[in-house]
Engineer: 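Just dropping this structure here.
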Number of protein chains: 2
Amino acid sequence: MTNTPMLLHFAEDLTQASGIALAAGMNLAAIARHRFPDGELKLRLPSALPPRVVLLRTLDNPDEKLVELLLVARTARTLGAQHLTLVAPYLAYMRQDMAFQPGEVVSQKVVGQFLADLFDAVITVDPHLHRVATLAEAVPVAQATVLSGAPLLADLIASHLPQALLVGPDEESAQWIAQAAARHGFDHAVCHKIRYGDRDVQIALPDIRVQGRCVVLLDDVASSGHTLAAAARLLLSAGAASVDVAVTHALFAGDALQVIKDAGVGRVWSTDCITHPSNAVSMAEHIARAFH
Amino acid sequence: MTNTPMLLHFAEDLTQASGIALAAGMNLAAIARHRFPDGELKLRLPSALPPRVVLLRTLDNPDEKLVELLLVARTARTLGAQHLTLVAPYLAYMRQDMAFQPGEVVSQKVVGQFLADLFDAVITVDPHLHRVATLAEAVPVAQATVLSGAPLLADLIASHLPQALLVGPDEESAQWIAQAAARHGFDHAVCHKIRYGDRDVQIALPDIRVQGRCVVLLDDVASSGHTLAAAARLLLSAGAASVDVAVTHALFAGDALQVIKDAGVGRVWSTDCITHPSNAVSMAEHIARAFH
């Protein structure tokens with residue numbers, strides 16, 4: 001047993017895990033996973049672990065994966081791990097950061113503390129934080145590291161559409177859009193959004209000329225796709241030459257991809273934070289660099 | 001706000017919750033539950049809670065429900081609860097109580113400690129414990145209460161088949177079968193079981209005459225149904241007049257119910273620890289009595 005850190009991963013995440021381990025100089029080991037007919041998980045880790053262990057697990061389908069994290073982290077401590085880092089390229093439960101009605105569960109706070117009880121450090125990409133300023137407030141670990149998919153997506157957009165107009169679907173994306181745009185001098189703007197329900201959103205276009213422009217809608221996460229679809233329809237009605245979509249987190253719940261295709265969106269690009277056919281850029285080297 | 005204890009439940013558990021609350025003299029309140037398109041849960045509790053709060057949640061589909069328990073228990077403490085009891089008629093993750101291979105996760109220990117960190121007391125029915133003797137070893141809370149469905153199932157069997165031969169599908173059920181049998185003087189015996197995989201089991205009948213007998217297979221849990229089906233086939237081949245099944249926990253994963261029907265099983269009876277069309281007896285009064 002050497003002191004080289006070990007990156008633990010599940011079989012389906014082998015590609016991302018290999019990329020990170022190679023770039024960060026870590027050993028790589030898979031966690032064996034079996035689901036019993038009754039829905040319980042059986043997991044097996046390597047029988048001995050070095051002092052520093054990193055677990056790669058992105059948190060789409062969060063409920064199932066939070067239980068995996070509990071089982072893996074508690075067991076890793078008994079097998080020799082002294083410092084545990086969670087790499088969760090997509091971090092779930094970050095949006096519910098206050099009780100809008102009395103009695104409402106503030107999931108961000110509960111899940112954040114749950115993760116902080118299990119791990120010493122957390123690395124994530126573009127967490128969806130609204131009313132808290134830093135990841136460490138949401139996930140109170142000793143080291144909370146935030147990376148962004150925006151620069152990689154901006155580079156990708158620049159290679160395809162050097163004259164693109166970057167549009168954010170809502171005000172929350174303003175700072176993020178500005179950063180991505182600055183990297184290549186893109187024109188940019190953000191829409192105004194009013195949300196009536198999970199799948200019921202209303203969008204107003206920004207006061208900018210879109211006629212004849214190749215527009216790229218840039219966002220941190222695509223979930224139901226309804227916000228992106230509404231924005232795409234408005235942009236095309238206003239005369240945009242094309243509308244493509246670039247997102248860090250390709251959740252695309254249910255028929256979301258079809259919803260945005262039906263709205264006239266051409267290409268869809270995403271980072272590999274969540275495995276999806278739209279993945280066009282890999283976060284592996286950025287994540288590996290966070291360990292240096 | 002009175003000091004009367006409050007029983008919290010989810011909408012689908014209203015029937016069981018009402019029965020318990022009525023018999024135990026508790027107030028009843030539902031937890032509002034919404035699932036976002038991205039798979040995250042939003043929960044809302046009553047805005048103020050009395051000092052003593054009881055949560056009813058049976059733990060089939062355990063991964064999803066363990067996250068619910070985390071969210072509810074942590075939030076209940078912030079809303080006034082000082083003493084939290086979990087009533088989990090079916091308690092998941094109790095079977096993996098040792099590492100059969102190095103590195104294997106001992107889920108019972110991890111999940112047991114997780115529950116003990118959230119709750120002050122746990123009440124369950126017929127937990128599937130092998131190598132630990134008491135529930136308190138598996139779930140180290142101050143008060144760990146075990147109830148049994150066997151007496152109620154024995155009474156039900158006696159009302160339908162006073163001359164029944166009770167058969168346990170494996171040695172693990174021996175003590176349980178003996179208790180149920182003693183209540184009404186039933187003949188009884190247990191099979192010998194060798195397990196090769198989740199759905200691959202081999203059964204040997206006990207050395208007892210089954211020719212012409214009305215047999216009831218009695219077990220704590222029916223999961224894949226393969227053990228019960230194998231036992232039923234052997235019993236019918238050996239000349240049993242009929243084979244019915246009675247279980248505390250009607251998990252019946254996937255096509256399990258069809259599997260045992262195809263094996264020639266007639267009636268299937270269960271307690272309401274897990275909601276299922278086979279539910280024939282209610283545990284509500286037994287559970288309520290545990291609070292006295």
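Order of the sequence lines sets the chain letters (A, B, ...), proteins ahead of strands, with each chain counted from 1.
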Engineer: Looking at Pro62(B), Ala76(B), Ala32(B), Gly254(B), which one has more heavy-atom pairs under 4.5 Å with chain A than the rest?
Structural biologist: Pro62(B)
Engineer: Do you know which two heavy atoms are closest between Asp117(B) and Arg74(A), and how far apart they sit?
Structural biologist: OD2-NH2, 4.4 Å
Engineer: Is it the backbone or the side chain of Tyr93(B) that comes under 4.5 Å from a heavy atom of chain A, or both, or neither?
Structural biologist: both
Engineer: Tell me, for Phe100(A) versus chain B, whether the close heavy atoms (under 4.5 Å) come from the side chain, the backbone, both or neither.
Structural biologist: neither
Engineer: For Pro37(A) and Ala253(B), work out which heavy atoms get closest and say how close.
Structural biologist: O-CB, 3.0 Å
Engineer: Out of curiosity, Leu251(A) CG to Phe36(B) CZ, how far, rounded to the nearest 0.5 Å?
Structural biologist: 13.0 Å
Engineer: Is there side-chain contact between Val72(A) and Val105(B), with heavy atoms separated by less than 4.5 Å?
Structural biologist: no
Engineer: Out of His34(A), Glu64(A), Lys109(A), which one racks up the most heavy-atom pairs below 4.5 Å with chain B?
Structural biologist: His34(A)
Engineer: At a heavy-atom separation under 4.5 Å, does Ser223(A) approach chain B through its side chain, its backbone, both, or neither?
Structural biologist: side chain
Engineer: Against chain B, label Leu41(A) side chain, backbone, both or neither, depending on which of its atoms sit under 4.5 Å from a heavy atom there.
Structural biologist: both
Engineer: Highest number of heavy-atom pairs under 4.5 Å with chain B: which of Asn61(A), Asp60(A), Leu70(A)?
Structural biologist: Leu70(A)
Engineer: Does CZ in Arg52(A) sit with more than 12 non-hydrogen atoms of other residues, nucleotides or ligands closer than 6.0 Å?
Structural biologist: no
Engineer: Relative to chain A, which segment of Leu79(B) carries a heavy atom at a distance below 4.5 Å: side chain, backbone, both, or neither?
Structural biologist: side chain
Engineer: Applying the side chain to side chain contact (heavy atoms under 4.5 Å, CB included) criterion to Asp63(A), which one of Lys65(B), Glu40(B), Arg35(B), Glu68(B) satisfies it?
Structural biologist: Arg35(B)
Engineer: With rounding to the nearest 0.5 Å, note down the distance linking CG in Leu43(B) to CD in Gln96(A).
Structural biologist: 8.0 Å
Engineer: What pair of heavy atoms forms the shortest contact from Thr75(B) to Gly103(A), and how long is it?
Structural biologist: CG2-O, 4.3 Å
